[in-house]
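Heads up, the thing below is written out as structure tokens.
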Amino acid sequence: MTEGTTSAAEGADTLTRLEQEGEIAADYLEGLLDIADLDGDIDMDVEADRASVSIISDAGGRDLQKLVGRDGEVLEALQELTRLAVHRETGDRSRLMLDIGGYRAQKRAELSELGAKAAAEVKSTGEPVKLKPMSPFERKVVHDAVKSAGLRSESEGEEPQRFVVVLPA
């Protein structure tokens with residue numbers, strides 16, 4: 001087998017594995033929605049080499065807000081429980097991302113804007129900018145926004161007080 005064929009086969013295997021993770025997660029979340037007597041549709045995808053599962057609602061999503069919680073705390077916990085359910089079935093650690101009612105998508109947009117603004121401030125002042133403590137997901141989004149603005153950033157501190165510092169070029 002040639003190297004190109006091996007890469008294509010590995011890519012197909014990875015895609016199949018991630019799709020399987022999404023299916024396991026969807027089944028787990030369907031059961032959760034049934035137990036909680038909440039309406040929601042499950043959408044599965046593969047984004048950036050990880051399974052992505054979203055719970056969406058036609059009814060405006062007010063009920064789903066209970067599953068997001070304050071500052072996404074319940075969403076984070078549900079994501080970890082879903083990852084554990086996938087791990088139990090596959091034996092492999094999952095990096096699955098869960099979104100509920102578009103919360104993460106909206107948060108990603110806000111954090112990208114925050115990262116871009118912090119980068120602009122660093123470019124104009126030449127001084128590092130420290131941001132408030134954030135979750136790993138939030139820090140990753142900010143790091144990506146800073147990198148796309150042509151600067152670099154680092155995470156400092158200890159969980160749960162870990163934060164991003166945007167640095168001059």
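Residue numbers count from 1 along this sequence. Values below: every heavy atom of this structure, side chains too, minus hydrogens, waters and symmetry copies.
The heavy-atom pair separating Leu67 from Leu78 by the smallest distance is O-CD1, 3.5 Å. Counting all heavy atoms, side chain and backbone alike, Arg95 lies closest to Arg83 at O-NH2, 3.5 Å. Minimum heavy-atom separation, Leu96 to Thr82: CD2-CG2, 3.8 Å. Between Gln161 and Pro133, the shortest heavy-atom contact is OE1-CG, 3.2 Å. For the residue pair Pro168 and Gly126, the shortest heavy atom distance occurs at CG-O, 3.2 Å. Listed here is the closest heavy atom pair of Leu64 and Asp39: CD2-O, 3.8 Å.
Taking a cutoff of 4.0 Å between a charged side-chain nitrogen and a carboxylate oxygen, Glu76 and Arg104 qualify as a salt bridge. A salt bridge links Lys140 with Asp144: at least one charged nitrogen is closer than 4.0 Å to a carboxylate oxygen. Comment: Lys117 does not engage Glu121 in a salt bridge, judged by the lack of any side-chain N to carboxylate O separation of less than 4.0 angstrom.
No more than 12 heavy atoms of other residues, nucleotides or ligands sit less than 6.0 Å from atom CG of Asp49. Residue Asp34 places its CG atom among more than 12 non-hydrogen atoms of other residues, nucleotides or ligands, all under 6.0 Å distant. No more than 12 heavy-atom neighbours from other residues, nucleotides or ligands sit within 6.0 angstrom of NZ on Lys147.
The shortest side-chain heavy-atom distance between Glu138 and Val142 does not fall under the 4.5 Å cut-off. Between Thr14 and Arg17, the closest side-chain pair of non-hydrogen atoms falls below 4.5 Å. For the pair Ser155/Met134, no side-chain contact is recorded, criterion being any heavy-atom separation below 4.5 Å from C-beta on. Between Glu159 and Pro136, some side-chain heavy-atom pair lies under the 4.5 Å cut-off. Considering only heavy atoms from C-beta on, Lys107 comes within 4.5 Å of Phe137 through its side chain. At least one side-chain heavy atom of Phe163 sits under 4.5 Å from a side-chain heavy atom of Glu156. A heavy-atom distance below 4.5 Å is not found between the side chains of Ile100 and Val74.
A donor atom on one side chain and an acceptor atom on the other are not found under 3.5 Å apart for Ser94 and His87.
With Ser54 contributing its side chain and Ile56 its backbone, the two residues share no donor-acceptor pair below 3.5 Å.
Hydrophobic cluster membership differs between Met97 and Ile42, with clusters built from Ile, Leu, Val, Met, Phe, Trp and Tyr side chains linked at under 4.5 angstrom.
Separation of atoms CG (Leu111) and CD (Gln106) is listed at 10.5 Å; rounding is to 0.5 Å.
In the hydrophobic clustering, Val46 connects to Leu15, Leu18, either directly or through intervening members, whenever side-chain heavy atoms lie under 4.5 Å apart.
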